[in-house]
A.B. asks: 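I have a structure I would like to understand better, so I am pasting it below and will then ask my questions one at a time.
By convention in this document, chain letters (A, B, ...) are assigned in the order of the sequence lines, proteins followed by strands, and residues within each chain are numbered from 1.
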There are 2 protein chains.
Amino acid sequence: MATLKDVAAAAGVSPATASRALSEPGSVATAGRERVLRAAAQLGYRVNPAARALRSGRSGHLGLVLPDLANPFFASVAKGVQARARELGRTVLVADTEEDPALELDLVARLREQVDGVILCSSRMPESQLRSHADAGRVVLVNRELDGVPSVSVDNADGVRQGLEHLRALGHRTVAYAGGPASSWSDQRRREAFAAVEGITVVDLGPGRPVAARGVAAADLALGSAATAVVAYNDLVALGVLDQLRTRGVRVPEEMSVIGFDDIPAAALVHPPLTTVTLPLREVGRRAVELVVATADADPSDPPAVVRELLGVELVVRGSTAPAAAGAARSQA
Amino acid sequence: MATLKDVAAAAGVSPATASRALSEPGSVATAGRERVLRAAAQLGYRVNPAARALRSGRSGHLGLVLPDLANPFFASVAKGVQARARELGRTVLVADTEEDPALELDLVARLREQVDGVILCSSRMPESQLRSHADAGRVVLVNRELDGVPSVSVDNADGVRQGLEHLRALGHRTVAYAGGPASSWSDQRRREAFAAVEGITVVDLGPGRPVAARGVAAADLALGSAATAVVAYNDLVALGVLDQLRTRGVRVPEEMSVIGFDDIPAAALVHPPLTTVTLPLREVGRRAVELVVATADADPSDPPAVVRELLGVELVVRGSTAPAAAGAARSQA
DNA sequence: TTGTAAGCGTTATCAG
DNA sequence: CTGATAACGCTTACAA
């Protein structure tokens, strides 16, 4: 493997000049610079990242910590992170916490030392622990907000608002919410948005794991209530609701409307196709990279610029929502 | 940040001994070792990965290159890789090639220099390019095989065989195959398996992208043929087939049976739930880590142990397959 | 603009 | 079993 010294020798300059020619081309005379570049190409020179990292203190790596890679929500964010990081010439160290806060804590701690900055996605950590990491700097939160920490989130409240407006326009007056994990920041924001909407009675189906099985249970709960529509924490739950309503012989959307969140690929493939709130997840990932790179490159003595981004969401109306049945609700199952 | 020197000083030993106490505990006297360990814990010492990598030549990182993180197939493999790597104290650098062979080539080249070994998943590279990387060593292939290169794959042929046996037992005699990308190694293996089965006439619906839209087109093709069942390249395609059959008013499984591949989460959530071939993808990821770590740790001068693993698959029979309609095929749509 | 030289923190070598 | 010493390859004051 060719080293910088080899390149310098081949180009007839000192290692320092060779280094500059490669990383600050402006600060080297044209003639020498070209000889260095040529020599580097000739020898197939590639900088040794470990040496660079040791000397400069920056690895060029970004850390991405998320609860579950197999969840399409996080996978989309990860894709956005990947894409932007690559454009910026940075590599991404990914860590899957398996939804386990203890493991998350451990992984974040370990990762911090190997990367220039960490993107912490939908953290399951309690606020106090989270703060201890975030305060050490170089952390950007995704889908969670905390005072004094940069973050990128989607506008959960507006998603709920759009969904409920849609339902209200269709004549629904009682809507059930099949919530997500109690510890979920997104779920808390959505609950608040529910509470803020007027003219609709909310039936709280309680918290639950964000999986289809939870939707199955929630569907029966909804059927036992006066609700004519169900809003689910995410599409997985909504799909479970749809499934169970079919099993119970309740027609969707005629007898019960269903709205999901996230717009995962499967949402458009089921029947009826799911009305859901689509989130700009790739863009969330991209913005998170911008933020974390900015904080990593910033002079640590500067006042930390805390940016909080909120990206817009959009209700996608498909086949799982329709006008509420006129008069009384459906016949009790 | 505490360095090894600090720990050594606190423990009253030389840096060399401190280093040994931490990495080869067996080679240090008990008393000194304990003082080092205590001092390290006390000072919150963490090894500097860059320094270690520079000196030892191993970063502790593993590279994972895959076509699309948002594809549940690859996400599952990635989870397996993650989990096993973490257990082994290694971190994972992930690169998403966006199904682009040119980008893949570039990413593999870049990644190679930053990691101890690369797991190359479902490579889209032509064989010649692939070989040039693989021959340089420290590469493990997933879902692709190449002479002289370690690899982990699933038994595609057996999956096809199980699916076709199932269909034949149900009385199907003409089966359509909605294939995947022509460049896909898995698809080629599956085609071969189709050709090897006796007693069933295969209708080749041609190659296609592994997405639902391709299944929509394939469904119409199948309806125009004598096939009473469709086997799809993967579940996404199968879901598209299901969707279009419904649109065309063809009942599944009564009038047409459908089999997918991969067993993605959505497969169990649609109606009818999809009969599909489930693949041990997490395990594939785990095995790939074992292999790549073994090659990375091996003495480069040793004869490279080329291991080729083939993991078993299993047909999961759900609701999308049923006996072929007696007598003539369904009434033409 | 360029070169010299001093490390960054760790591990490998080698002598004791 | 332990310690001194020398790198690993690069960047960056500082000097010229």
Side-chain angles (χ1 to χ4, degrees), chain A residues 1-37 39-40 43-61 89 110 112-116 296-297 299-300, chain B residues 1-37 39-40 43-61 89 91 110 112-116 296-297 299-301:
Chain A
M1 200 64 206
T3 80
L4 188 57
K5 222 157 82 174
D6 301 328
V7 174
V13 298
S14 76
T17 302
S19 173
R20 285 187 279 253
L22 294 168
S23 53
E24 307 174 70
S27 70
V28 168
T30 317
R33 184 200 323 154
E34 300 216 325
R35 267 181 298 136
V36 171
L37 263 28
L43 298 172
Y45 170 75
R46 320 239 38 171
V47 55
N48 178 324
R52 188 211 282 280
L54 176 57
R55 180 60 234 228
S56 68
R58 14 194 81 263
S59 64
H61 298 320
R110 260 216 263 286
R112 288 186 61 95
E113 304 159 359
Q114 324 221 21
V115 302
D116 297 341
D297 286 348
D299 186 326
Chain B
M1 199 66 209
T3 81
L4 189 57
K5 224 156 80 175
D6 300 330
V7 174
V13 299
S14 76
T17 301
S19 174
R20 283 188 280 253
L22 262 11
S23 53
E24 307 173 72
S27 71
V28 167
T30 317
R33 185 201 323 156
E34 300 216 326
R35 267 180 298 135
V36 171
L37 263 29
L43 297 172
Y45 169 76
R46 321 241 34 171
V47 57
N48 178 323
R52 188 209 281 281
L54 175 59
R55 178 63 237 218
S56 69
R58 14 196 80 263
S59 63
H61 298 321
T91 42
R110 261 216 262 285
R112 286 186 63 94
E113 304 160 357
Q114 323 221 22
V115 303
D116 298 341
D297 286 348
D299 188 324
S301 61

A.B. asks: What is the distance, rounded to the nearest whole Å, between atom CZ of A:Arg58 and atom P of D:dG9?
C.D. replies: 23 Å
A.B. asks: Calculate the interatomic distance between B:Leu22 atom CG and C:dT10 atom P; express it in whole Å.
C.D. replies: 9 Å
A.B. asks: Report for the helix from C:dT1-D:dA16 to C:dG16-D:dC1: angle between first-end and last-end helix axes, five pairs each, rounded to 10 degrees.
C.D. replies: 30°
A.B. asks: Just grab all the side-chain hydrogen bond (donor to acceptor under 3.5 Å, both in side chains) pairs involving residues 3-27 of chain B, residues at least two apart or on different chains.
C.D. replies: B:Ser14-B:Thr17
A.B. asks: Contact between B:Val47 and B:Leu22 at the side-chain level, heavy atoms closer than 4.5 Å - yes or no?
C.D. replies: no
A.B. asks: Output the rounded distance in Å from CD (B:Glu113) to P (D:dC8).
C.D. replies: 19 Å
A.B. asks: Tabulated below should be each protein N or O lying under 3.5 Å from an N or O of nucleotides 11-14 of chain D; please produce it.
C.D. replies:
residue, atom, partner, partner atom, Å
D:dT11, OP1, A:Arg52, NH1, 2.8
D:dT11, OP2, A:Ser19, OG, 2.9
D:dT11, O2, A:Arg55, NH1, 2.7

A.B. asks: How far apart are the closest heavy atoms of B:Gly60 and B:Asp116, and which atoms are they?
C.D. replies: N-OD2, 2.8 Å
A.B. asks: Which whole-number value in Å describes the distance from B:Asp6 CG to C:dT10 C1'?
C.D. replies: 13 Å
A.B. asks: Measure across B:Arg46 and B:Met1 and return the closest heavy-atom pair with its distance rounded to 0.1 Å.
C.D. replies: CG-CE, 3.5 Å
A.B. asks: Within a strict 4.5 Å, meaning less than it, do heavy atoms of the A:Arg58 and A:Asp297 side chains meet?
C.D. replies: yes
A.B. asks: Give the rounded distance in Å between these two atoms: CZ of A:Arg33 and C1' of C:dT1.
C.D. replies: 12 Å
A.B. asks: Enter the distance from B:Glu34:CD to B:Thr30:OG1 here, rounded to the nearest 0.5 Å.
C.D. replies: 7.0 Å
A.B. asks: May I have the distance from A:Lys5 (atom NZ) to D:dC8 (atom C1'), rounded to whole angstrom?
C.D. replies: 10 Å
A.B. asks: Assess the residue pair B:Val36 and B:Val28 against the criterion (side chain to side chain contact (heavy atoms under 4.5 Å, CB included)); give the C-alpha distance rounded to whole Å, side-chain angles, the decisive distance to 0.1 Å, and a yes or no.
C.D. replies: CA-CA 10 Å; B:Val36 171; B:Val28 167; over 6 Å; no
A.B. asks: Do the non-hydrogen side-chain atoms of B:Leu37 and B:Arg33 ever get within less than 4.5 Å of each other?
C.D. replies: yes
